[in-house]
Number of protein chains: 2
Amino acid sequence: MGSKERIIRQKEDVKCKILTAAWQIVKNEGWQSLSMRKIADAIEYTAPIIYGYFENKEALLVEFTGKGFQNLACHLRAAKAKHRLPAKQLEAMWFAYWSFAFEEQEYYQLMFGVEVYCCEMGMNYPEEDLPWTIFSEVIQQLIDNSNNPKTDVCKKYYTFWSVIHGLICINIVRKGQSDELNQEILKDAITGIIRTITG
Amino acid sequence: MGSKERIIRQKEDVKCKILTAAWQIVKNEGWQSLSMRKIADAIEYTAPIIYGYFENKEALLVEFTGKGFQNLACHLRAAKAKHRLPAKQLEAMWFAYWSFAFEEQEYYQLMFGVEVYCCEMGMNYPEEDLPWTIFSEVIQQLIDNSNNPKTDVCKKYYTFWSVIHGLICINIVRKGQSDELNQEILKDAITGIIRTITG
DNA sequence: TTAAAGTATTTAACACCGTTAAGCAAAGGT
DNA sequence: ACCTTTGCTTAACGGTGTTAAATACTTTAA
């Protein structure tokens, strides 16, 4: 009975439609004005059907958070693949992180709670660790090739992350910063921290 | 007719009660669950009376934002007053900033959009510039006493701010970071940036 | 073919939310 | 005593997330 598969495919299709409709709303009007009823309207259903695919609104947001982290991971790996030297890789990866934050601002806001509350962000799902996993590998390589082989990877990672995430937050919340200034700070910070590793 | 003043005082008293009730709710349950009706319940009135004192909920949040910035400014000035050398002042001020962010976390979240959406944060009210005003003075002094007197104050300020704000955000959103690591990163970042100024 | 079972979808409802307009009751001035 | 103003409440509108009941449709079994 091949119709079983068709039905499953149709069900999957509706789930997909829910996600794309939600995404469209968020892109157009921001996370603030995303509502179950708006999503339902967009896919020409009524609100309760969404609960057949997502337990609640938070589950929907968690789904997006996961996609966001995977999306970011792709960008980071792509940036890394463009270079051979760990220092160059790291630089490119943080610039990719920066670009992701603005090109996919809605993802970034949800992933890191920038003006958006999603849920308790404490290690609930594994994707959250993707950036750390990807970055720490390269940082470790850089440390291994350096003069101070017992440098703490974690500390360096958080130092990088803090500057860049902080700068991103400031730019998103108080829109309209000088781009030249941003780029200067970004470049200085990255090269500065890399220098503290290579020694 | 002295009763006029008493009435004004009573009116002012209600406004105060609204604010303290709202603050209590936020402290206990977070910004997410602050509502006009809850505030009204707490002060034993009905919701619409609040609109006699605040145009809407956003205006109430803006009031808190203002108070938050003034509160922060106090902390910064107090920290500055404890030292004479600009470098020491700056260090103490950023540590005060850090402390404020966690001791008055609800203020901080609202002021800088950490998991909370207040309104368009773009320079709507003057208090937003207080940190910049206070910090830039000290940073300028440090630059004047240094070898590179044409260093950009703005750039240095944003560099400081980015690291510290970023670290704070990460800690608030993903609660449960290592405090030792935080303090290390904080101290390193601050002394590091100061060194880039003094040369 | 038709009755029963199961599934998909909608409608209605609950308990909230911010906000506004209408009503009421007490106080003030004339 | 009447009128006006003020303070406050009730009721309502349109919105939110979410659940239970009712309906329509499809599949299965007799």
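Chain identifiers are assigned alphabetically (A, B, ...) following the order of the sequence lines, protein sequences preceding nucleic acid strands; residue numbering begins at 1 within each chain.
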- Once the angle between the rings of A:F135 and A:Y157 is folded into 0 to 90°, is it parallel (under 30°), tilted (30 to 60°) or perpendicular (over 60°)? tilted

Measure the distance from [atom1] on [X] to [atom2] on [N] and round it to the nearest whole Å.
{"X": "B:I50", "N": "D:dT9", "atom1": "CD1", "atom2": "P", "answer": "11 Å"}
{"X": "B:Y117", "N": "C:dG18", "atom1": "OH", "atom2": "P", "answer": "16 Å"}
{"X": "A:N56", "N": "C:dA15", "atom1": "CG", "atom2": "C1'", "answer": "17 Å"}
{"X": "A:I49", "N": "D:dC25", "atom1": "CD1", "atom2": "P", "answer": "17 Å"}
{"X": "B:L60", "N": "C:dT19", "atom1": "CG", "atom2": "P", "answer": "10 Å"}
{"X": "A:W31", "N": "D:dT16", "atom1": "CH2", "atom2": "C1'", "answer": "17 Å"}
{"X": "B:E55", "N": "C:dT20", "atom1": "CD", "atom2": "C1'", "answer": "13 Å"}
{"X": "A:Y45", "N": "D:dT23", "atom1": "OH", "atom2": "P", "answer": "21 Å"}

- Item | Which nucleotide in C:dT10, D:dC8, C:dT19 has an atom nearest any side-chain atom of A:P48 | C:dT10

- Nearest-neighbour nucleotide for the B:A47 side chain, C:dT19, D:dT9, D:dT18 considered: C:dT19

- Item | CD1-CD distance between A:I25 and A:E106, expressed to the nearest 0.5 angstrom | 13.0 Å

- Message: I'd like to know whether CD of B:E180 has more than 12 heavy-atom contacts from other residues, nucleotides or ligands below 6.0 angstrom.
- Response: no

- Which residues within residues 32-44 of chain A lie with some heavy atom under 4.0 Å of an atom in DNA chain C?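 Of all residues in residues 32-44 of chain A, the ones placing a heavy atom under 4.0 Å from DNA chain C are A:R37.
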
- Task: Return the angle between end axes of the helix from C:dT1-D:dA30 to C:dT30-D:dA1, with five pairs used per end and rounding to 10°.
- Result: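 About 30°, once rounded to a multiple of 10°.
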
- Task: Please check if the distance between the ring centroids of B:W98 and B:F95 is under 6.0 Å.
- Result: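 No - the distance between ring centres of B:W98 and B:F95 does not fall below the 6.0 Å cut-off.
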
- Check whether the ring centres of B:Y108 and B:Y97 lie less than 6.0 Å apart, and answer yes or no. yes

- Message: Students often get this wrong, so: under 4.0 angstrom with heavy atoms, is A:Y51 touching a base, only sugar-phosphate, or nothing?
- Response: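 Base: the residue A:Y51, judged by heavy atoms under 4.0 Å, touches a nucleobase.
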
- Task: State plainly whether one hydrophobic cluster holds both A:W94 and A:F69, where clusters connect Ile, Leu, Val, Met, Phe, Trp and Tyr through side-chain heavy atoms under 4.5 angstrom apart.
- Result: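 Yes; A:F69 is reachable from A:W94 via cluster members.
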
Decide whether [X] and [Y] meet the rule of one side-chain donor and one side-chain acceptor closer than 3.5 Å.
{"X": "A:Q183", "Y": "A:D179", "result": "no"}
{"X": "A:N145", "Y": "A:Q141", "result": "no"}
{"X": "B:K156", "Y": "B:T196", "result": "yes"}

